[in-house]
Structure formats: C-alpha cells, structure tokens
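One is the number of the first residue; the rest follow in order along the sequence. One-based numbering, in listed order, for ligands and for the atoms of each.
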Amino acid sequence: MENKTKADLLLLHAGQLVTVAGDSAGPKRGAEMAQLGVIQDGAVAVKEGTIVYVGTTREVLEQVETHPGTRVVDAGGKVVLPGLVDPHTHLVFAGSREHELELKLQGMGYLDILKAGGGILSTVRATRAAGKAELIKTAGKYLDQMLSQGTTTAEVKSGYGLTLEDEVKTLEVIRELNRSHPIDLVPTFLGAHAVPEEYKGNPEGYVDLVVEAMLPAVVREGLAEFCDVFCEEGVFSVEQSRRILLAAKERGLKPKIHADEIVSLGGGELAAEVGAVSADHLMAVSDQGIEQMAQQGTIAVLLPATTFCLMGKQYAPARKMIERGVPVALASDFNPGSSPVNSLQVVMGIACRQLKMTPAEVITAVTINAAHAIGRAAEVGSIEAGKKADLVVFDALTYRYLPYRFGTNLVEMVIKNGQVVVE
Ligand code: NIG
Ligand code: FE
C-alpha cells in the first residue's frame, strides 16, 4: 500500500489513449511515424503537473493511490492525445491582410505582393507602430484560440519588427506571453524575415545589422532559443542565410530555415550543412536536399495550410521524405499573410488529403516530432511518465476521426501541466 504512487489527477476511460510513446530517443522516422502506442481503455495519473503513471484504467486504479482531493476525469470512451505542439508560428503581429486574398484571386503571386511593398512589409509597418500592450492583447487572443483547439506548446518567431528595437520588442512580448498564458512558448529570432524598406537595394547592409547588432542583443538578453531565416528568391540568398545561421550558431542559438518554399534554392541542403534542427516549408525541396536532410536527421516541418492558403499547386513531397527517412513534423505557420490558420486540427485534415500522410503519421507529426523540432521532446509530445501532463480529450471514438472531420473544433477538454484549462 505504502509504495503506491499518489496522484492528484486521474484521467480514466480513454477509449483510445494515444501515447505516441516509442523506443527511440530521436524523432520518429519512416514506419515508426505510424506507431502510436494506443492503449484501449487507457488512463493517466498525474502528480504536481507531471505524468506519474500510464496504463489501462484497471492498471492505473490498481497501481495509483488517490486522496479525497484527487480530481477524477472520466474521458467517457473518447480519444485522448498528448497536448498538440505547433512548431512554427508567427503569432506576434499587428493588423491583418484580408485584402490580399482578392489580390491572390486576381493572380498576383505572394512574392509579387512582397516586391510591391505589401505582404510581410505591410505587417512590419503595422507592427512597428503597435505598442507592447496591444501586441500582447492580440497575440493573447490568438493563443486562447489555439489552446481551445488543443495546442499546448508553440514556437513563436519574431520577424515583423526588422529594427533592433522592434525585434527586441517582439521577443519581449513572446517572453511576457510565455509567463502569462498557459501555452508554453519557444522563442525564435527571425530578424531575417524580409529586407525592410529602409534597406531596399542594400540587403547586405541589412544582413550586417542582423549579424552585428541584432544577434548579439538577442543573445545578451536571452530572448531566443532558435534563429530562423527566410531563404527565398528575392528575400535572403543561400549565402546570406548561411552567414546569419552560422553567426547565430556561434552565439548559441539553434538554426532553423524557411527553406525551398516557392523556389528551389538549396534550402534543404543548407539546413543539413549548418546542422539546423529543422527545415520548414520545403514545397520545392530537391532530391539532394531530401537525401542530405535524411543523413543529418534534419526535421522537415511541413506547413500544408500555407500551401492551401497560397493556392499552391505543389505540396511538399511528404511521402518521399518519409520513405527516405526524413522525420516529418507539421505546423500551422500561423501568420497574417500566407496562413491565417492557427488550428492544428485543420492542418491535420489538409495533411492527410494533400500530403497523403496517414492519420497515424499526422498525429506523430503534431506531437512527438513537433516537440523534437523545437527542442522540447524530453518534456512534451507524448504521454509518458515523467513528462508534463498536457492532455487533450477529443469528441471522437477513434484517432482516425480527427483528420477525417474537418473544420469543427472537436476538443472537449484540455489539461495543461495537470490543470484543466479548457472544459
Ligand atoms: O512562413 N514565408 C515567410 N514567412 C511566412 C509568411 C509571413 C507573412 O506573409 O506575413 C511564412 O509563410
Ligand atoms: Fe513561416
């Protein structure tokens, strides 16, 4: 009796408890991506925000001791997943860009809009003009929407400031939201998101500013963990991206890349070369890039809601990447331009239909592989003893129902750090 684990929260009777647990310490690759570790009539015991026991309801009731204050949640035979992890968002921005939808319908391309001073640059103008309080308020609202849709951990990039002051302001907003909001945030410095108007015609001058002024300040203040670059034709070249990412790495930030989104520039190859944790987008990745990423274990973070919103014809070659052994994660890319989507449930639905990933693979891609893509796999991304008690109950009887149903929020309950935060 005395040796029994004491719990302050029990979640019982999950029809399918999708643990996503596995043997390997790294992200899941190839056939492993379809192994979900489902426990029928599963249960989880939680103590002080941490998972202490996982098994069938019967095992948990046998092994775990309760006390009068223990909260017992009955999942009623429904599906339970680890809290979802969104490993690529641009959450902090002012304004919106709904007018661009009509421009796109008239045939104007994403990069044409940017070249004409719109796109990212119009959000930069609005974000520079906004104070911290306003940015915290709007980003906080987006985070509430994400939490209610099952996201419990998210990466957030700067990149709509593009001056030292405004990039620091954005990263401080992220730090503040990480303290005040239940969703755990992982900050990424994306000073190289676009060449700002005042550096038009002088991209090298702006790269100097990023490397010589912004990076040192961001690192000094401990404001970011990752450094990202938008490596794209007409934005930052492979050479400029390499320079920024190597400088960031030298200062202790982990590299990430917006790679081969529209034009095949060799972003996947660069990601492998600099030891990036992930290469993101990859709609136009080359076979060589896929090969090098597989060798290096670079995670492919795919963003099919972006391809959908850009009305792109070419989705990232997810099947080829999975077959070649590249670990694949999925993210929303939530931003005011190319993806006003912040629901990972919607992303899962698109990923099955357009990336031809199976329901099991997409669940792996928004949980454990997403956690690996932002350096959080030791804490979140699967339902295992020792990890944070981040759990989502869905109004579904099988996990296959999640990507099958589309556009309706199926979340019934969200538990974050052992606390019921959405009910
Ligand atoms: O990941 N491609 C670059 N950056 C974002 C879009 C940002 C924007 O359009 O505001 C992306 O798609
Ligand atoms: Fe992005």
- Looking at residues at least two apart in the chain, or sitting in another chain, which of them share a side-chain contact (heavy atoms from CB on, under 4.5 Å) with Asn342? Tyr142, Gln145, Met146, Gln149, Phe334
Salt bridge present between [X] and [Y] (N-O < 4.0 angstrom):
X: Glu225; Y: Arg376; result: yes
X: Glu412; Y: Lys78; result: yes
X: Asp8; Y: Lys47; result: no
X: Glu423; Y: Arg71; result: yes
X: Asp208; Y: Arg243; result: yes

I need the atoms of ligand 1 closer than 4.0 Å to a non-hydrogen atom of [X], numbered in the order shown.
X: Tyr160; answer: 7 (C), 8 (C), 10 (O)
X: Arg97; answer: 8 (C), 9 (O), 10 (O)
X: His88; answer: 1 (O)
X: Asn335; answer: 5 (C), 6 (C), 7 (C), 8 (C), 9 (O), 10 (O), 11 (C), 12 (O)

- Query: Counting heavy atoms only, which part of Phe93 comes closer than 4.0 Å to ligand 1: side chain, backbone, both or neither?
  - Reply: neither
- Could you see which bit of Glu232 sits under 4.0 Å from ligand 1, with heavy atoms only: side chain, backbone, both or neither? neither
- salt bridge (charged side-chain N to carboxylate O under 4.0 Å, His left out) test vs Glu361 passes for just one of Arg400, Arg29, Arg319, Lys356, namely Arg319
- Any side-chain heavy atom of Ser241 sitting closer than 4.5 Å to one from Leu270? yes
- Examine Thr306 against ligand 1 and note whether any of their N/O atoms are separated by less than 3.5 Å. no
- Message: What I want to know is whether Thr123 and ligand 1 share at least one N or O pair that is separated by under 3.5 angstrom.
- Response: no
- Work out how many protein N, O or S atoms lie closer to the Fe ion (ligand 2) than 2.8 Å. 4
[atom]: which protein heavy atom is closest, and how many Å away?
atom: atom 11 (C) of ligand 1; answer: Asp333 OD2, 3.1 Å
atom: atom 9 (O) of ligand 1; answer: Tyr110 OH, 2.6 Å
atom: atom 12 (O) of ligand 1; answer: Ser338 OG, 2.5 Å

- Message: Counting neighbours of CD on Gln40 that are heavy atoms of other residues, nucleotides or ligands and sit closer than 6.0 Å, is the number greater than 12?
- Response: yes
Does any N or O in the side chain of [X] come within less than 3.5 Å of the main-chain N or O of [Y], such that one atom is a donor and the other an acceptor?
X: Asn335; Y: His90; value: no
X: Lys169; Y: Ala130; value: yes
X: Thr89; Y: Glu155; value: yes

- Query: For atom 4 (N) of ligand 1, which candidate among His193, His281, Glu261, Glu100 holds the nearest heavy atom?
  - Reply: His193
